[in-house]
Amino acid sequence: MKHLFKLLFFIISLATIAQDGVLNNAYNRTSFSLNGEWNIIIDPYENGYYNYRYEAFDLTDPPSKNAYFTNTSPADKTDLIEYDFNNSETLMVPGDWNTQKDKLLYYEGSIWYKKSFDYSKEEVSNRVFVYFGAANYQADVYLNGSKLGRHIGGFTPFNFEVTDLLMEKGNFLIVKIDNKRTPEAVPTLNTDWWNYGGLTRDVKLIETKETYIDDYMIQLNPKNPEEIIGYIQLNGPGKANKEVTLSISEAKILKKLSTDITGRVQIHISKAKLKKWSPENPKLYDVSLYAGEDQIKDKIGFRTIKTEGTTILLNNKPIFLRGICIHEESPINQGRAKTMKDSEKLLEWVKEMNGNFARLAHYPHNEYMVRAADSMGILLWEENPVYWTIKWENPGTYENAQNQLTEVIQRDKNRASVIIWSMANETPVSEPRLKFLKKLKEHTRSLDPTRLISAALEQNAVDGNSNMLTIDDPFAEEVDILSFNQYIGWYVGLPDKARTINWKIDQNKPVFISEFGAGAKFGYHADKETRWSEEYQEYLYEETLNMLDKIEKLQGFSPWILKDFRSPRRSLAKIQDGYNRKGLIDEKGNKKKAFYLLKKYYDNKAKAAKGN
Ligand code: GCB
């Protein structure tokens with residue numbers, strides 16, 4: 001009987017684990033920040049989550065007072081409670097835990113976070129959601145002792161409605177975050193970046209009207225750049241047959257629409273006269289939506305992106321992508337980037353080298369990055385953390401990858417800067433992997449038919465000849481842009497090996513080199529064949545650029561990488577010291593010689609593009 005009860009409770013709690021859909025445009029909604037200092041308990045044995053029989057406290061009703069999420073204080077002097085958030089240490093949110101306390105630098109496990117707050121709604125009938133920009137990797141969220149749900153995936157936003165649980169005084173929000181790596185996860189055990197744990201992005205309460213504008217997509221039709229297409233979705237008791245207004249006053253667009261029974265309305269506006277968004281002129285329009293009492297504002301740029309044969313067309317004009325890869329690490333402080341300033345600084349460097357494109361590797365970066373790229377005029381590649389060898393045949397792994405991709409598309413589908421969704425990076429060819437990636441691609445297309453799809457693939461030797469390289473990968477048939485990584489001159493031979501390479505690329509698609517690079521320690525000078533010297537890195541760029549120039553179908557590249565970044569795989573003393581050194585800039589902001597070489601190349605490319 002006891003077991004039956006437990007099973008029932010388990011099923012009920014699983015049902016509550018699905019979180020609500022992610023609110024679109026959290027960035028511009030009425031909100032109350034929960035950033036700042038949070039109390040924490042480091043819990044490597046998950047003592048606050050499991051009893052000594054390793055049964056989850058979530059599954060007992062009422063939960064034991066030993067469950068940390070109950071935030072229990074001793075009832076009297078005889079009461080035994082072995083935790084106390086109020087007297088425990090603190091961490092700043094947003095922020096990874098690794099770089100806030102020395103003892104957490106390598107920590108992989110669970111930490112409990114607690115924030116206390118009071119909150120009065122603007123209107124009694126309004127609804128409130130708790131919104132997380134991201135939490136790496138698994139978050140179990142509780143408000144005032146009740147479980148809101150679980151979120152898996154370290155780089156995308158999620159929210160839970162808390163309208164009925166919220167009190168005017170004395171709320172406590174508790175989140176258990178676990179960043180242990182596991183084989184089935186996305187990413188899996190093995191990566192080349194730091195596994196920063198914690199509440200790495202903003203946390204806030206978002207207040208909406210009872211019936212509110214939940215989601216919308218407003219984009220140009222890639223097939224007809226005079227037509228705006230998309231939809232608006234309402235949520236709430238009054239969502240059916242409701243009037244919705246879309247206004248872009250600068251473009252003299254004012255459209256009254258009516259939702260269907262599900263609260264949705266499709267948008268088709270023909271003959272829209274809009275200045276196109278581009279890197280040279282990143283024009284953003286003020287867009288307002290109104291539905292009854294609710295309104296929401298956004299800044300949206302309008303452009304088209306498509307391919308034709310081997311060219312990429314932005315607003316129907318060919319474009320060469322002068323790119324660079326970026327990891328989400330702060331250029332100003334240590335650890336994960338987390339502020340608008342961090343994003344702007346990273347993208348200013350891209351501008352400084354005359355770039356027009358950034359590959360955000362290898363997972364979705366924060367919303368600031370995408371908003372900054374929109375206003376600064378930098379095109380973006382966004383990537384799902386399907387990296388190296390994940391569990392292709394495990395259905396849970398697929399669900400997880402699809403969910404993470406869905407959440408970033410949900411967040412960024414109105415951003416002009418984003419032109420490419422990348423499915424994966426350097427994944428080994430096999431049948432199950434092809435099935436997995438094809439399904440992911442079809443899902444992406446169904447959510448967003450307006451952008452290009454790619455993946456960073458690998459290259460192979462033709463008939464064992466290491467000087468004749470090709471892309472022999474069935475997923476190459478599926479992508480819009482044929483992208484691949486190559487490290488000739490670093491992992492394969494010395495930089496002048498590039499002179500001996502012939503590329504045999506049969507696919508009739510734009511070719512994009514998603515990575516090349518070499519490690520260099522800033523300030524270390526030697527001859528150009530000495531590993532880790534700035535001269536070696538510069539030499540590699542010189543030889544690689546000469547080689548790439550000969551690929552006729554080449555439409556751009558994003559060398560690896562803008563800035564040195566932390567990686568536990570990189571242990572060479574005095575050179576790496578825990579950093580991947582392939583940055584053109586070191587972690588303190590010093591530019592290496594290759595930065596200037598690439599800048600010169602991009603200056604010439606930009607000049608040539610202007611001349612056309
Ligand atoms: C790659 C990976 C990237 C690594 C890089 C390297 O191919 O895509 O994540 O950091 O090589 O430095 O080896």
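Remember, it's 1-based here, ligands and their atoms both numbered in the order they're listed.
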- Task: Report, in ascending order of atom number, the atoms of ligand 1 lying under 4.0 Å from any heavy atom of Phe565.
- Result: 10 (O)
- Considering heavy atoms of the protein only, find what lies nearest to atom 7 (O) of ligand 1 and give residue, atom and distance to 0.1 Å. Glu426 OE2, 2.3 Å
- Numbered atoms of ligand 1 (with element) below 4.0 Å of Asn580, judged on heavy atoms: 6 (C), 10 (O), 12 (O)
- Geometric class of the Phe132/Phe158 ring pair [parallel <30°, tilted 30-60°, perpendicular >60°]: parallel
- Message: Between Asp448 and Lys413, is the salt bridge (charged side-chain N to carboxylate O under 4.0 Å, His left out) condition met? List the steps.
- Response: CA-CA 7 Å; Asp448 180 5; Lys413 61 182 180 272; over 6 Å; no
- Message: With a 4.0 Å cut-off on heavy atoms, is Arg570 in contact with ligand 1?
- Response: yes
- Task: Can you label the angle between the Trp392 ring and the Phe436 ring as parallel, tilted or perpendicular, going by 30° and 60°?
- Result: perpendicular
- Identify the protein heavy atom lying closest to atom 1 (C) of ligand 1, giving its residue, its atom name and the separation to 0.1 Å. Glu515 OE1, 2.9 Å
- Message: Quick check on contacts: which atoms of ligand 1 are under 4.0 angstrom from a heavy atom of Tyr387?
- Response: 2 (C), 3 (C), 4 (C), 9 (O)
- Message: Just to be sure I'm reading this right: ignoring hydrogens, which of Trp388, Tyr487, Trp560, Tyr491 gets closest to atom 11 (O) of ligand 1? Compare them by their nearest heavy atoms.
- Response: Tyr487
- Run the numbers for me: atoms of ligand 1, each under 4.0 Å from some heavy atom of His362, listed by number. 3 (C), 8 (O), 9 (O)
- Task: Consider ligand 1: state whether an atom of it lies below 4.0 angstrom from any non-hydrogen atom of Trp490.
- Result: no
- Proximity of Thr191 to ligand 1 by residue part, where a heavy atom lies under 4.0 Å: neither
- Task: Nearest 0.5 Å please: distance from the CZ atom of Phe516 over to the CH2 atom of Trp560.
- Result: 13.0 Å
- Note on the structure: atom 12 (O) of ligand 1 sits nearest the protein heavy atom Lys582 NZ, 2.6 Å
- Query: Nearest to atom 10 (O) of ligand 1 by heavy atom, Asn485, Asn425, Asp192: which?
  - Reply: Asp192
- Query: Is the closest heavy-atom distance from Phe516 to ligand 1 below 4.0 Å?
  - Reply: no
- Message: Check Lys180 with Glu46, please: is the shortest side-chain N to carboxylate O separation under 4.0 Å?
- Response: yes
- Message: Would Lys588 pass as a cation-pi partner of Phe522, given that its NZ or CZ must be under 6.0 Å from the six-membered ring centre and within 45 degrees of the axis?
- Response: no
- Among Val511, Leu321, Thr311, find the residue that satisfies the side chain to side chain contact (heavy atoms under 4.5 Å, CB included) test when tested with Gln555. Thr311
- Task: Take the angle between the ring planes of His365 and Tyr363 and call it parallel below 30°, perpendicular above 60°, tilted in between.
- Result: parallel
- Given the options Asp192, Asn580, Thr191, Ser567 meets side-chain hydrogen bond (donor to acceptor under 3.5 Å, both in side chains) only with Asp192
- Message: If we set the cut-off at 4.0 Å for heavy atoms, which region of Trp193 has an atom near ligand 1: side chain, backbone, both, or neither?
- Response: neither
